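Bear in mind the structure is a predicted one, so any value in this text is a computation, not a measurement.
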Amino acid sequence: MKPTTAQTSLARLALTSSDSVRPDVANFVALISCSKSKGGHRDIARDMYVSPLYRKSLQLTELWGVPFYILSAKYGLLRPDELIEPYEQTLKTATKKEKQEWAQRVDKQLRELQTKDFIVLAGDDYFAPLVEAGSSDPLNYFTPMRSLSLGTRLAFLNEAIKIERRGAAIRSAYALFERISESRTPPRLADLLATDLPSHGVYFFFDGSEATRFSTVFPRLVRIGTHGISAGSTATLRNRLRTHFGTKAGQGNHRASVFRLHVGRALIERDSLQDQYPDWGKGQSAPRDITDREAALEARVSQYIGNLRVLAIPVIDTAGKSSMRATVERQFIAMFTEHLCALESGSPNWLGKFSDKASIKETGLWNVRDVGEQYDLKFLALLEAYLNKNGYR
């Protein structure tokens, strides 16, 4: 199911928040507000509060690797390991004076800590009085959930948690690629086609000019694909890769390869070649005079794709929409692009930035189908089990 505009916006807010925290994670301390829902007995503060909002906030700070304190309406600033009794007190029903006194006490406690940089995972009831109390010498507050409603804050936390888990999955995926390639950069497509290839599999293209924060061995992943998933298809992995690459003479047919189509269109847009190639992408076939005029661009497409690095994972199965290959392709695309929120996208000069397809520009992948779909967090473990079972360790 394609993401809604609201899902995409919230996912991007969550990603922006994560990107803001990551470079300075060692300097931040998170502030989580207490909740009305509590345990019924004496407990450490970390375990006293049981509301979904509190639990999700706690989960996110742990995924970020950030230490945290709890903003308690009764106790002020609480260490997670402090032993406290259950209580019924909230700032929502407090008078203005009571809020001011609470905020002044907490502001003083915050200034006794070793940092002045705080991530506030709390509602405005807690944050606004703190800002007012420290207005003469403001602390540095990062407030990703400011002004969000209660329901939207919970949705934001779910998105932020999912982004952190997707990031871990992507890092594991690159580790899998490294293991399969024995920690060597994979060959260019032009060279790979001169080697033995499995009959069936899923292929991954990497752009040597694009860096990734997820690997020091591999460049950034830029396309994921497979071959012949329609029932009864006899297409092979080599057939599909050869169609993408074209001929040894440097020619090819973009009307038989959507990958070539997108690359050629990006070259047209980048180099303002619209008048020179007005028929690019039109129809399933074209007369000889048109293909002759397009030959020079086809050659440039072949050169670009032929220089990309390619890794193929053997997946031997029967063609079908629910085949293992189709699932692997779909889930890898979702891992990198869920809710149209890419955890890594192309550099400003990456060719895909000139594509006429917004999804290619935004996600950094030369993929359109299945982009933005929901990623299953269990997928990578299932794939690892499949590969181990079939002797591909």
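The aromatic rings of H254 and W280 lie parallel to each other, their planes meeting at an angle below 30°, with 60° marking the opposite boundary. Note on ring orientation: taking the six-membered ring where Trp is involved, the planes of F259 and W366 are tilted (angle from 30° to 60°).
There is a side-chain donor-acceptor pair under 3.5 Å between W64 and E164. Looking only at atom types and distance, the side chain of N140 has a donor-acceptor partner in the side chain of D117 under 3.5 Å away. Side chains of E344 and T212: a donor on one and an acceptor on the other come within 3.5 Å. For the residue pair S33/Y49, the side-chain donor-acceptor check at 3.5 Å is not satisfied. Side chains of T236 and N239: a donor on one and an acceptor on the other come within 3.5 Å. Side chains of S302 and Q251: no donor on one and acceptor on the other come within 3.5 Å. Counting only N and O atoms by type, the side chains of S20 and S17 include no donor and acceptor under 3.5 Å apart. Checked by atom type, the side-chain pair S347/N349 shows no donor-acceptor distance below 3.5 Å.
Remark: side-chain polar atoms of T8 are not paired, donor with acceptor, to backbone N or O of L340 under 3.5 angstrom. Looking only at distances, no side-chain donor or acceptor of S355 sits under 3.5 Å from a matching main-chain atom of I360. W102 contributes a side-chain N or O that, together with a main-chain N or O of S72, makes up a donor-acceptor pair within less than 3.5 Å. The backbone N or O of M324 sits less than 3.5 Å from a side-chain atom of D317, completing a donor-acceptor pair. In this structure, R270 contributes its side chain and F354 its backbone to no donor-acceptor pair below 3.5 Å. Judged purely by atom type and a 3.5 angstrom limit, Q7 uses its side chain to pair as donor or acceptor with the backbone of T4. Remark: the backbone N or O of R146 is not paired with any side-chain donor or acceptor of D124 at under 3.5 angstrom. Under a 3.5 Å cut-off, the side chain of S9 and the backbone N or O of A6 do not form any donor-acceptor pair. Checking side-chain atoms of R188 against main-chain N and O of L308 turns up no donor-acceptor pair under 3.5 Å.
Closest approach of I163 and L343 over heavy atoms only: O-CD2, 3.5 Å. In terms of heavy-atom proximity, A319 sits nearest to G228 at CB-O, 3.2 Å. Among all heavy-atom pairs drawn from H339 and A11, the shortest one is CB-CB, 3.9 Å. The shortest non-hydrogen separation linking D107 to L130 is N-CD2, 4.0 Å. What you find for M48 and I84 is that their closest heavy atoms are CE-O, 3.4 Å. R325 approaches T226 most closely through the heavy-atom pair NH1-OG1, 3.0 Å.
Residues satisfying the side-chain hydrogen bond (donor to acceptor under 3.5 Å, both in side chains) criterion with T337, sequence neighbours excluded, are absent altogether. In terms of the side-chain contact (heavy atoms from CB on, under 4.5 Å) criterion, T318 has no residue partners (sequence neighbours excluded). For K353, the side-chain contact (heavy atoms from CB on, under 4.5 Å) partners two or more places apart in sequence, or in a different chain, are S345, W350. In this structure D47 satisfies the side-chain hydrogen bond (donor to acceptor under 3.5 Å, both in side chains) test with no other residue, sequence neighbours excluded.
Centroid-to-centroid, the aromatic rings of Y375 and F336 stay 6.0 Å apart or farther. A ring-centre distance under 6.0 Å is not found for F28 and F118. Here H200 and H227 bring their ring centres to under 6.0 angstrom of each other. Aromatic rings of H244 and Y203 (six-membered ring for Trp) have centroids within the 6.0 Å cut-off, being under it.
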task = In sequence, state the C-alpha distance, the side-chain angles, and the governing distance for D376 and K378, and then conclude on salt bridge (Lys or Arg N to Asp or Glu O under 4.0 Å).
result = CA-CA 5 Å; D376 185 346; K378 302 174 190 168; 5.5 Å; no
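Counting side-chain heavy-atom gaps under 4.5 Å among Ile, Leu, Val, Met, Phe, Trp and Tyr, the cluster of I44 also holds L83.
Within the structure, every pair that satisfies the salt bridge (charged side-chain N to carboxylate O under 4.0 Å, His left out) test and touches residues 218-232, not counting sequence neighbours, is listed here: E210-R220.
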